Amino acid sequence: MDQENKEEKLQALRHSASHVMAQAVVRLLPEAKLAIGPATEDGFYYDFDLPRPLNTEDLEAISKEMANIIASDLPIVREDVTKDEAAKIFKDQPYKLEILSEIEDEKVSIYRQGEFVDLCRGPHVSSTGRIGAFKLLNVAGAYWRGDEHNPMLQRIYGTAFETKEELESYLAKLEEAANRDHRKLGRELDLFSIHEEAGPGLVCWHPKGATVRRVIEDFWKDEHTRRGYSLVYTPHIAKVDLWKTSGHWDFYRDYLYSPMDIEGQQYILKPMNCLYHILIYKTKLHSYRELPIRFAELGTVYRYERSGVLHGLSRVRGFTQDDAHIFCRYDQLQTEVEGVLDLAMFMIATFGFSNYQVFLSTRPEKYAGSLQIWEMATSTLAEALNGKGVSYRIDPGEGVFYGPKIDIKFEDALGRAWQGPTIQVDFNLPQRFDVTYTGDDGQEKPVAMVHRTVLGSMERFLATLIEHYGGAFPLWLAPIQVEIIPIAESHQEYAQKVKDELVSCGIRVELDNRSETLNQKIRQAQLNKVPYMVILGDREGGSSTLSVRLRSGEQYHGLSVSDFKKRLGELILDRSQSLLL
RNA sequence: GCCAGCGUAGCUCAGGGGUAGAGCAGCGGUUUCGUAAACCGCCGGUCGGGGGUUCGAAUCCCUUCGCUGGCUCCA
C-alpha cells in the first residue's frame, strides 16, 4: 500500500478513535458538551466542556469504556441530513450548533455508532472494532477555537494505530524523546541552569555548556568574517524613543519590558539588535559602491514572554540571537539572499542535520510598503531559492508586516522539526529611520535591508543540538573531548604527561585522578558522553602508548600519543560527526 | 496570561494528621584495581514561600512563587 493511502487510513482510524473517546466520555459524564475532535499528526484529541476537571482515574475509566465500545464493534454509519434536522439532533450541544450555523451547505453529514452521534465530515473506519490499538496520553486545557477570550475546554489527547506493535514503537519514541530532553540532559551533563531566585527564563551557562556555546560562537564568527560580514557589538539597553521611531513600541509592546528611568530619560532592554545596527550604518553617508554592508552580532536581547510559554532553553526571556543585518541595493538583494542561503545550508550540514524544509512567506493582510515593492522582494526571494535549486513551499500571508521572509525548518535525529534560519526583507525600518545610500547618479536612495539569523538564538539552538545528539556531541563540540583514566595510582605520572601533551595542542582533556576503580571511571565518562576514554596502565606506560575506548564502545590499543593527537586534530578540523580513529 | 497536575536532601524518589526516609552524589577512611557502579563510616531537608484549620500539619484549606503538559504566542 502506498504511503499516502496508509496515511489517510490512519487518519480515519484516529478520527474514529476520537469519536469512540467522546462516546465513552458521554457515557461516563452525560452532561459533557462536545466541541471538536480531530485526528492530528500523531494521534487525536477531543475537546469537552465538562462539569468538573478530569483526573488520571477518569482517563483510566474512559480508556476502559473505549475498550468496551471497540470490543462491541459498533458499525459507524454516515447519514446526510439537512441543517434543520441536524439542529434538532444537536439541540443540547451548543458547540455543535455553533459549528452548524457556520456551515454553508444545505446538507451536513453526521456519523452514528450505537447511541452516539456526532456532526462530522468524516471519513471514518467502518466499525469501532477496526480501531487497532489506542492509548490516552494526557489532559490539557484548550480554548474553544483557540481564542483566549473563549471559554476554556478540557482536551484529552490520545493516539491510535492499526497494531499494538506500532503503538508500542510510538510510545518508545516518546520515551526516547523524554530521555533526550535538553532540560534533563542540561542538568545531567552540567551544561546550564535556570534559577527560581533569579527569575524564570533566564539562563546560566555552566563551564561545560559555555564551552559548547563558545565553540559554536567562534565557528560562527570565523564563518561570518570569511563571508564578508563585519562583526559589531552593541549595548543591551537603549532609550525607548528609538523603539517609538521604529514602531515597535506600538506593535510589539507586549514583548517589551517596562522602561527604567535614567536621569529622567526612559530606557528599555533591547528586544532586538537591528536598531543599533541601523545607528551604526547611519554614522556616515554611504556610496552605492560600499554596499552591501553586513553587520553581524551575537546580540543578547530581552523579551517578555508569558510565564506559561517558557520552556527550558527553547523559550526564554533573555537570549542571544546570531543576528545580522544586510544593507544593500535592491539589485543586490538576490545575490545577498543567495549568500545567506549558502551560509544557512552550510551551517545546517555542519551541525549534522540532513533533512530540512523551506518556506516562503508572502504578504499578510496588514503590511508596510507598496504592493510593487512587495511583489519585487517576494519574487527576488523566490528567484534566490530557485537559483540555489532549493525546493520550497509557499506560506501565503505568513510574512511579517514589514516584508516577506524565508524560513528553514530542519529535522533532528528523531524526525522532529525545529525552527532554523530565517531571512526577512524589511521595508519598514529603512523608511522610518531614513536609511539610504548615494546612487551613481548622486541621488539618495533607500537601502534594501535584510534581517537574518542562521541558528536562531544560542539558547534555542543549543536546545536543538542537545536533543539532536542526545547529549553525545560530536568531537569538535564536546565540552570534554578526552577523559584520561589511569588504572592505578602508579600510572598517574604517565597520565599527567599524556594530558599535558594533548592539552598543549588545544584538546579539551580531563584527568580522572580519583581513587576509584577503572569500571567506575569508565562509567562516569560514559554517562558524561565523553567521546574518548584513554586508559593507561602498565601496558601503556611501559610501551609509551595509549588504549582508547570510544563512547560508542570501539577500542583501540597500542596507539602512539602523536598518532592519536594528529587524528583528533583532523577530526576536529573537519568538524566530523564520526569518532573513528 | 488561561486550564490541569506537580514542588520532600545536590539528583531520582518513598512517606499522605502524631515530632522526616532510601538510593545515588558529597565528605572521611580502607582499597590500587584492565574497559559501565569496590567496601565501611559520616554529613545532609524549618517537606518551595506565606497564612489558616487543629492539642498537633510534609500530610487538610487558602494564597503566592516555580515547574510540567497543553491553549495562545514565538528567536
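Quick caveat, the model's predicted, so the values are computed rather than measured. Numbers restart at 1 for each chain; the letters A, B, ... are given by sequence-line order, proteins then strands.
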Side-chain donor/acceptor contact of [X] with base of [N] under 3.5 Å:
{"X": "A/R317", "N": "B/A75", "result": "no"}
{"X": "A/E197", "N": "B/G49", "result": "no"}
{"X": "A/Y304", "N": "B/G1", "result": "no"}
{"X": "A/E305", "N": "B/A75", "result": "yes"}
{"X": "A/R155", "N": "B/C3", "result": "no"}
{"X": "A/S490", "N": "B/U32", "result": "no"}
{"X": "A/R460", "N": "B/C74", "result": "yes"}

Can you check the distance between [N] and [M], where both ends of the measurement are the [atom1] atom (answer in whole Å)?
{"N": "B/G18", "M": "B/U59", "atom1": "C1'", "answer": "11 Å"}
{"N": "B/A38", "M": "B/G70", "atom1": "P", "answer": "39 Å"}
{"N": "B/A14", "M": "B/C33", "atom1": "P", "answer": "41 Å"}
{"N": "B/U12", "M": "B/A4", "atom1": "C1'", "answer": "24 Å"}

Are any of the side-chain nitrogens in A/D322 or A/K221 under 4.0 Å away from the carboxylate oxygens of its partner?
no
Test salt bridge (Lys or Arg N to Asp or Glu O under 4.0 Å) applied to A/R183 and A/D181, step by step
CA-CA 5 Å; A/R183 295 165 299 183; A/D181 191 313; 2.4 Å; yes
Is the phosphate of [N] approached by [X] (side-chain N or O, under 4.0 Å from OP1 or OP2)?
{"X": "A/Y157", "N": "B/C71", "result": "yes"}
{"X": "A/R183", "N": "B/G69", "result": "yes"}
{"X": "A/Q520", "N": "B/A38", "result": "yes"}
{"X": "A/H491", "N": "B/G34", "result": "no"}
{"X": "A/T517", "N": "B/C33", "result": "no"}
{"X": "A/S515", "N": "B/U31", "result": "no"}

Would you say A/F319 stacks on B/A75, if stacking means ring centres under 5.5 Å apart and planes within less than 30 degrees?
yes
From NE2 of A/H451 across to P of B/A75 the rounded distance in Å is 12 Å
Between A/R514 and A/R145, whichever has its closest RNA chain B nucleotide further toward 5' is A/R514
Residue of the set A/R452, A/H451, A/E297 for which side-chain hydrogen bond (donor to acceptor under 3.5 Å, both in side chains) holds with A/H325:
A/H451
Against the six-membered ring of A/F359, is A/K409 placed for a cation-pi contact (under 6.0 Å from the centre, within 45° of the normal)?
yes
Minimum side-chain heavy-atom gap A/Y45-A/P38 below 4.5 Å
yes
Need one value for A/E489: base, sugar-phosphate or nothing, where a base atom within 4.0 Å counts as base even if backbone is also close, heavy atoms only.
base
